[in-house]
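Structure record follows, encoded as C-alpha cells.
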Amino acid sequence: MSDSREQGMTRQGALRLEYFIIGLGIFALVLIFQPFSLTLFAVGSVLVVIAGLINNLLPMAQPGVPVRSVVIVTMVVFMIFCIVLLVSIAAAHLYGVFFLKPPDPNTTSGKIQLNTPPFWMQPLVWGIAAVTVALAAAIAAMKKARS
C-alpha cells in the first residue's frame with residue numbers, strides 16, 4: 001500500500017503550478033514593458049530571470065508527480081540562481097579591475113570608491129553565499145531523509 005506522502009499532485013494542483021509558472025513570466029514581461037516606473041522595470045527584470053529559471057519546473061507540473069520532488073527542484077533552481085549571482089558579481093568586479101581606470105583619489109567620488117570595501121566583504125554577497133549554502137544543505141538533508 002502506498003504512503004500518503006508518496007502520492008503526487010492532483011490534476012488540478014499540476015494545472016495550478018503550470019498556470020503560476022506561465023503567469024509569472026507574463027507578469028514579469030508586463031512589468032518590463034510598462035512605461036510608468038523604473039522601479040517596476042527593475043523588478044520585472046529580476047522576475048524575468050527568475051521566471052526563466054522557474055520554467056525548468058514545467059515538466060514537473062504533471063499529475064502524480066510528488067510535491068516533494070517539485071520542492072527539491074525549486075530549491076535547486078534557486079541555488080543555481082544564487083550561484084549565478086555570485087559569479088556575475090565576481091565577473092563585474094574583475095571587469096572593473098582589468099578594464100576600467102582606477103578612481104581618482106582627488107575627487108569626492110574617487111574617495112568614496114576607494115573607501116568602499118571590496119565586493120567580497122559586502123553583506124549582500126555574504127547573504128547570497130549563505131543562502132546558497134543553506135539551500136545546498138537543505139537539498140542534501142531532504143535527499144538523505146528520502147532514502
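- For the atom pair CD1 of Ile22 and CG of Leu58, the computed distance is 5.5 Å after rounding to the nearest 0.5 Å.
- For the pair Val49 and Phe81, the minimum side-chain heavy-atom distance is below 4.5 Å.
- Hydrophobic clustering (side-chain heavy atoms under 4.5 Å, transitive across Ile, Leu, Val, Met, Phe, Trp, Tyr) keeps Tyr19 apart from Ile21.
- With a 4.5 Å cut-off on side-chain heavy atoms, Asn56 and Val73 do not count as touching.
- The shortest heavy-atom contact between Pro63 and Ala14 is N-CB, 3.7 Å.
- Using a 30° and 60° split on the angle between ring planes, Tyr95 and Phe99 fall in the tilted class, from 30° to 60°.
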Test side chain to side chain contact (heavy atoms under 4.5 Å, CB included) applied to Phe78 and Ile54, step by step: CA-CA 8 Å; Phe78 279 112; Ile54 289 180; 4.1 Å; yes
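- No more than 12 heavy atoms of other residues, nucleotides or ligands shown are found within 6.0 angstrom of CZ on Phe27.
- Under a 3.5 Å cut-off, the side chain of Gln122 and the backbone N or O of Leu124 do not form any donor-acceptor pair.
- Side-chain heavy atoms closer than 4.5 Å link hydrophobic residues (I, L, V, M, F, W, Y) into clusters, and following such links, even through other members, never connects Leu24 to Leu15.
- Nearest heavy-atom pair, Cys82 versus Thr132, reported as atom, atom and distance to 0.1 Å: CB-OG1, 2.9 Å.
- By the 4.5 Å heavy-atom criterion applied to side chains, Met75 and Met142 are counted as neighbours.
- Other residues, nucleotides and ligands contribute only 12 or fewer heavy atoms inside 6.0 Å of the CG atom of Leu38.
- Hydrophobic clustering, with ILVMFWY side chains joined whenever heavy atoms are under 4.5 angstrom apart, keeps Leu85 apart from Val48.
- The aromatic rings of Trp120 and His93 lie perpendicular to each other, with more than 60° between the two planes, well past the 30° mark.
- Ile50 and Phe41 end up in different hydrophobic clusters when Ile, Leu, Val, Met, Phe, Trp and Tyr side chains are linked at under 4.5 Å.
- When all heavy atoms of Pro117 and Met121 are compared, the closest pair comes out as CB-CB, 4.2 Å.
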Lys111 and Thr107: CA distance, side-chain angles, deciding distance, side chain to side chain contact (heavy atoms under 4.5 Å, CB included) verdict: CA-CA 6 Å; Lys111 290 176 186 174; Thr107 63; over 6 Å; no
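- No donor-acceptor pair closer than 3.5 Å links the side chain of Asn115 to the backbone N or O of Ile112.
- If you take CZ on Phe36 and CG on Leu31, they are separated by 11.5 Å, rounding to the nearest 0.5 Å.
- Formation of a donor-acceptor pair under 3.5 Å by the Arg11 side chain with backbone atoms of Gly64 is not found in this model.
- Side chain of Gln113 to backbone of Thr116: no donor-acceptor contact under 3.5 angstrom is found.
- In this structure, the separation between CD1 on Ile139 and OG1 on Thr74 is 9.5 Å, given to the nearest 0.5 Å.
- Put simply, Ile128 and Ile80 are part of the same group of oily side chains (I, L, V, M, F, W, Y) that touch within less than 4.5 Å, one to the next.
- Closest approach of Ser45 and Ile32 over heavy atoms only: N-CG1, 3.8 Å.
- Gly110 approaches Pro103 most closely through the heavy-atom pair CA-CB, 3.9 Å.
- Here the closest non-hydrogen pair linking Val70 and Met9 is CG2-CE, 3.9 Å.
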